[in-house]
Amino acid sequence: MLSCLLLLAGPAASSEPEPAAAGEIVRLTEEIAVKDGQSLRVVNHLGNVRIREVPLASSVELALTVQTEPGAANPVRPSIEMRDDGVLEFRPASEGSQESFDGVLRIDLTLAVPDRVELDVELAEGDFTMHGASYPVRLRADRGTVRVRTSGEVDVEVTEGHVVYLPPRGVAPAGGRIATSGAPVDVLMNDPRLLAFEVLSGAAVTTDSPWLLNRREVRGRTAHFGGDEADATLAIRTDAAPVRLVFEGIR
């Protein structure tokens with residue numbers, strides 16, 4: 001079911017000249033049932049993506065917040081498509097026959113997702129945030145700050161911006177890979193023994209964990225932290241950005 005909420009700025013109660021309109025904000029929502037293990041793909045090239053956790057829900061709720069130029073009609077609708085490969089894809093779409101977003105300043109997506117799916121996110125210039133979860137996350141972004149909070153396997157590629165990986169406490173993460181060009185990578189955890197790390201960086205690699213530092217090995221250009229105690233490895237690669245493995249310090 002599709003619902004719309006239109007918020008318009010009212011006129012200022014003042015003798016001053018009325019400022020130019022700041023545009024319009026429209027909120028569009030859609031809901032669809034999902035199965036256990038369902039693969040979800042989220043695409044947004046015009047803003048941010050936020051994932052809310054609803055662990056026991058049987059459906060995904062999609063909300064688009066669309067900001068348009070003053071006086072511009074909103075051409076955006078939420079698109080939910082079951083692809084031939086079984087992936088359920090969420091994205092903003094144009095109401096017209098052409099995929100045009102004329103007059104649109106930005107689109108932000110929020111999804112309420114049960115903790116029993118697989119998530120694949122594609123961004124252009126936008127931020128990504130999520131609540132703590134246990135499902136695998138694949139993420140691609142050109143530019144933005146991404147905060148990945150899952151104990152599931154991660155596969156993250158970001159060109160510019162900042163990557164923060166902070167899996168939920170008390171669960172051993174499944175590891176994976178994080179690759180960036182100029183985006184720094186921060187790993188924020190509480191127990192250094194839960195993961196091994198394989199780091200190749202074009203800048204500094206630091207850790208505040210004496211336990212990890214005492215188990216650091218350099219093999220060629222790659223630094224290995226941790227050892228056989230961990231069941232999984234997080235491989236981090238950056239072209240020209242620092243990597244921080246933070247366990248005890250300021251977060």
**Prompt:** About how many Å separate CG of L46 and CZ of R91, when rounded to the nearest 0.5 Å?
**Reply:** 11.0 Å
**Prompt:** Under the salt bridge (Lys or Arg N to Asp or Glu O under 4.0 Å) test, which residues partner E153, sequence neighbours left out?
**Reply:** none
**Prompt:** Any chain of hydrophobic side-chain contacts (each under 4.5 Å) joining I80 to F101?
**Reply:** yes
**Asked** Side chain of D115, backbone of S134: donor and acceptor closer than 3.5 Å?
**Response** yes
**Request:** Check whether L166 and V171 end up in the same hydrophobic cluster, where Ile, Leu, Val, Met, Phe, Trp and Tyr are linked by side-chain heavy atoms less than 4.5 Å apart.
**Result:** no
**Prompt:** Does some side-chain heavy atom of D186 sit less than 4.5 Å from a side-chain heavy atom of V246?
**Reply:** no
**Complete:** Residue pairs passing the salt bridge (charged side-chain N to carboxylate O under 4.0 Å, His left out) test with at least one member in residues 209-226, sequence neighbours excluded, are R215-E229, E217-R219
**Item:** Donor-acceptor pair, side chain of D155 and main chain of R177, under 3.5 angstrom
**Value:** no
**Prompt:** Under a single-linkage definition using a 4.5 Å side-chain heavy-atom cutoff for Ile, Leu, Val, Met, Phe, Trp and Tyr, are V87 and V34 assigned to the same hydrophobic cluster?
**Reply:** no
With a cut-off of 3.5 Å and sequence neighbours excluded, list every side-chain donor-acceptor pair involving residues 116-125.
residue : atom : partner : partner atom : Å
R116    : NE   : D36     : OD1          : 3.4
R116    : NH1  : D36     : OD1          : 2.5
R116    : NH2  : A57     : O            : 2.4
E118    : OE1  : S39     : OG           : 3.2
D120    : OD1  : R138    : NH1          : 3.2
D120    : OD2  : R41     : NH1          : 3.3
E122    : OE1  : R41     : NH2          : 2.3
E122    : OE2  : H45     : NE2          : 2.6

**Asked** Under 3.5 Å, is there a donor-acceptor pair between the side chain of R237 and the main chain of E198?
**Response** yes
**Message:** Please report the interatomic distance CD(E157) to OG1(T159), rounded to the nearest 0.5 Å.
**Reply:** 8.5 Å
**Common cluster, W211/F225, ILVMFWY with side-chain heavy-atom separation under 4.5 Å** = yes
**Asked** What do the steps show when you test V66 against V104 for side chain to side chain contact (heavy atoms under 4.5 Å, CB included), and what is the final call?
**Response** CA-CA 7 Å; V66 184; V104 175; 4.1 Å; yes
**Request:** Apply side chain to side chain contact (heavy atoms under 4.5 Å, CB included) to F90 and N44, showing your working.
**Result:** CA-CA 9 Å; F90 300 77; N44 186 19; over 6 Å; no
**Asked** For H162, does its backbone N or O pair with a side-chain atom of T145 as donor and acceptor, under 3.5 Å?
**Response** no
**Request:** Check whether any side-chain N or O of N74 sits under 3.5 Å from a backbone N or O of T68 as a donor-acceptor pair, and report yes or no.
**Result:** no
**Request:** Please report the closest heavy-atom contact between L64 and R77, naming both atoms and the distance.
**Result:** CD2-O, 4.0 Å
**Item:** Within-4.5 Å side-chain heavy-atom neighbours: M130 and V113
**Value:** no
**Complete:** Sequence neighbours excluded, the answer for salt bridge (Lys or Arg N to Asp or Glu O under 4.0 Å) partners of D191 is R193
**Request:** Could you grab the distance from atom CD of Q67 to atom CD1 of I25, nearest 0.5 Å is fine?
**Result:** 5.0 Å
**Message:** Can you tell me how far apart OG (S181) and CG (D142) are? Round to the nearest 0.5 Å.
**Reply:** 11.0 Å
**Message:** Using modelled atom types and a 3.5 Å cut-off, is there a donor and acceptor pairing between side-chain atoms of S59 and backbone atoms of E31?
**Reply:** no
**Prompt:** CD1 of I178 to OG1 of T180: how many Å apart, nearest 0.5 Å?
**Reply:** 9.0 Å
**Message:** Test side chain to side chain contact (heavy atoms under 4.5 Å, CB included) on F197 and V243; report intermediate values, then the result.
**Reply:** CA-CA 11 Å; F197 299 91; V243 175; over 6 Å; no
**Request:** Take T65 and T110 through the side chain to side chain contact (heavy atoms under 4.5 Å, CB included) test and state the conclusion after the steps.
**Result:** CA-CA 8 Å; T65 302; T110 300; 5.8 Å; no
**Prompt:** Which atom pair, heavy atoms only, marks the closest approach of L109 to P92?
**Reply:** CD1-CG, 3.7 Å
**Message:** If you define the side chain from C-beta out and look only at heavy atoms, does anything of I236 sit under 4.5 Å from V187?
**Reply:** yes
**Asked** With R106, which residues qualify under salt bridge (Lys or Arg N to Asp or Glu O under 4.0 Å), at least two apart?
**Response** D108
**Message:** Quick check: is I32 connected to L62 through a chain of hydrophobic side chains (ILVMFWY, heavy atoms under 4.5 Å apart)?
**Reply:** yes
**Prompt:** Closest heavy-atom contact between A241 and P184?
**Reply:** CB-N, 3.5 Å
**Asked** Does any non-hydrogen side-chain atom of P114 lie less than 4.5 Å from one of Q38?
**Response** no
**Fill in**
For P242 and S201, the nearest pair of non-hydrogen atoms, with its separation, is CA-OG, 4.1 Å
**Item:** Considering all heavy atoms, the nearest G226-L212 contact
**Value:** N-CD2, 3.5 Å
**Complete:** In short, F247 meets S209 closest at the heavy-atom pair CD1-CB, 3.8 Å
**Prompt:** Rounded to the nearest 0.5 Å, how far apart are CZ of R52 and NE2 of H131?
**Reply:** 7.0 Å
**Asked** Residues two or more places apart in sequence or in another chain: which of them pass side chain to side chain contact (heavy atoms under 4.5 Å, CB included) with P173?
**Response** Y165, P167, M189, L194, L195
